[in-house]
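Note that the coordinates shown come from a computational prediction; the quantities given were computed from them, not determined experimentally.
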There are 2 protein chains.
Amino acid sequence: MTSATRTLRARRLEAAALELFTVRGFDAVTVDDLAAAGGVGRRTFFRYFPTKLDVVLGQLDDALAGLVSALAAVPDTVDPTSAARRAFLQVNAYSPDDEPVLRRRLTLIETVPEVGARASVRYEGWERALAADAAARWGCAPGELRPQVFARVVVAAMRGAFTVWLAAPDAELEPLVVAAFDDLARGFG
Amino acid sequence: MTSATRTLRARRLEAAALELFTVRGFDAVTVDDLAAAGGVGRRTFFRYFPTKLDVVLGQLDDALAGLVSALAAVPDTVDPTSAARRAFLQVNAYSPDDEPVLRRRLTLIETVPEVGARASVRYEGWERALAADAAARWGCAPGELRPQVFARVVVAAMRGAFTVWLAAPDAELEPLVVAAFDDLARGFG
DNA sequence: CGCTAACTGGCACTCGGTGCCATTCACACT
DNA sequence: AGTGTGAATGGCACCGAGTGCCAGTTAGCG
């Protein structure tokens with residue numbers, strides 16, 4: 001099978017799943033339903049997605065790769081917060097067409113606790129990347145307190161911006177992310 | 001059954017579970033094992049803990065109650081960050097006897113992704129409490145960006161401190177929490 | 001056309017979690 | 001002490017997620 005066919009099927013599976021989840025509720029949809037909706041066997045479904053939860057999170061890993069390269073592209077002289085801000089704005093940019101899907105995804109992440117939990121696990125990769133980047137810019141070890149706290153805090157801020165964005169139907173994501181980073185840079189003291 | 005007996009059993013179950021988890025690994029221990037180790041039936045185990053995951057997290061909800069009351073005890077005039085710092089120091093205080101158990105818990109939280117995910121879900125209560133408190137102090141709505149970001153960021157900072165503490169066998173937790181809050185208050189800009 | 005390697009999907013199994021229900025146990029009241 | 005009542009227990013059957021195994025199919029290539 002060509003990899004094109006593969007990603008095509010994955011997309012179809014994903015779209016069908018998102019539809020079913022939002023209509024019937026996450027828990028009321030079984031994996032058999034998802035497989036049937038995507039026209040594949042149950043066993044095959046699990047070859048496309050490791051978990052029922054992961055169907056919701058789809059593109060998150062690609063985004064991680066994007067984050068890493070975006071961070072690498074920012075000159076060393078820029079401070080970690082600004083670097084992270086730039087990278088995040090780049091990674092979180094979405095075309096207007098994708099907004100409804102993005103809102104669905106994030107709604108599920110916020111609504112279904114298990115999915116949110118799974119998202120947290122996925123974001124750990126982001127945190128590692130951010131800690132490594134910040135450590136390099138500050139000239140310290142990634143395991144030290146400052147980069148560790150920084151990495152977690154940055155992801156948390158982004159997710160906070162997501163939450164607010166979701167609650168406001170007409171809001172733009174970008175200014176919220178910018179504002180969240182401003183708060184972070186300024187400090188809460 | 002008296003509630004004393006109940007919590008006693010819960011403790012025994014918890015202790016046995018923590019032991020088994022650290023020795024054999026989380027996944028290699030079944031709920032039947034846990035129930036047997038605690039001298040109860042499998043069905044009863046699930047009356048004490050909603051989930052296998054939750055055995056690890058035990059006291060976290062009590063801590064939430066402690067956080068809420070600690071926050072309420074801080075005068076209105078204190079800014080949110082300082083208030084949160086005070087509350088966290090109070091809630092995270094542990095007697096030296098408890099340290100080994102605490103380390104085990106946190107190790108499992110960091111090591112086993114599912115457990116970490118579950119912890120994130122549990123911390124959402126903390127975030128709601130923090131957002132409400134911060135909003136009250138700032139005189140804004142809890143749903144606004146600033147309190148939302150603040151709440152998540154504070155919990156993230158604390159968890160960052162936990163991570164660093166875990167990695168350093170001889171470290172004290174308290175100064176790490178203080179340092180994390182200092183970073184937060186000062187800002188990362 | 002035929003070979004090989006990868007993809008598929010059915011089957012059976014394990015394990016976490018839940019509803020149901022008969023039994024047992026703790027406690028209070030007489 | 002004796003008894004009744006309500007809660008706690010734990011066995012049983014069931015569901016759904018996830019996995020190993022394997023036979024059948026399909027796609028790509030010489």
Taking five pairs at each end of the helix from C:dC1-D:dG30 to C:dT30-D:dA1, what angle separates the two helix axes (nearest 10°)? 10°
Minimal heavy-atom distance between A:R105 and A:V56, with the atoms involved, is NH1-O, 2.8 Å
Would you say A:E172 has more than 12 foreign heavy atoms packed within less than 6.0 Å of its CD? no
Residues clustered with A:V74, ILVMFWY side-chain links under 4.5 angstrom: A:V78
Within 45 degrees of the ring normal and closer than 6.0 Å to the centroid, is that where the cationic atom of B:K52 sits relative to B:F26? yes
A:R47 atom CZ is separated from D:dA17 atom C1', nearest whole Å, by 16 Å
To the nearest Å, how far apart are B:F49 CZ and C:dT18 P? 15 Å
Rounded to whole angstrom units, what separation is found between the CZ atom of B:R9 and the P atom of D:dA7? 17 Å
If a pair satisfies ring-ring contact (aromatic ring centres under 6.0 Å, His included) and one of its residues is in residues 72-106 of chain A, list it, with sequence neighbours excluded. A:F88-A:W126, A:F88-A:F181, A:Y94-A:W165
CZ of A:R137 to CG of A:L71, rounded to nearest 0.5 Å, is 6.5 Å
Could you list all N or O pairs between the protein and nucleotides 11-17 of chain C that sit under 3.5 Å apart?
unit_1, atom_1, unit_2, atom_2, d
C:dG16, OP1, B:K52, NZ, 3.1
C:dG16, OP2, B:V31, N, 3.2
C:dG16, N7, B:R42, NH2, 3.4
C:dG17, OP2, B:K52, N, 2.8
C:dG17, N7, B:R42, NH2, 2.3
C:dG17, O6, B:R42, NH2, 3.1

Presence of A:Y48 side-chain N/O under 4.0 Å of C:dC7 phosphate oxygens OP1/OP2: no
For A:V68, side chain to side chain contact (heavy atoms under 4.5 Å, CB included) partners two or more places apart: A:L64, A:A129
Can you name the side chain to side chain contact (heavy atoms under 4.5 Å, CB included) partners of A:A151, sequence neighbours left out? A:E127, A:L130, A:A131
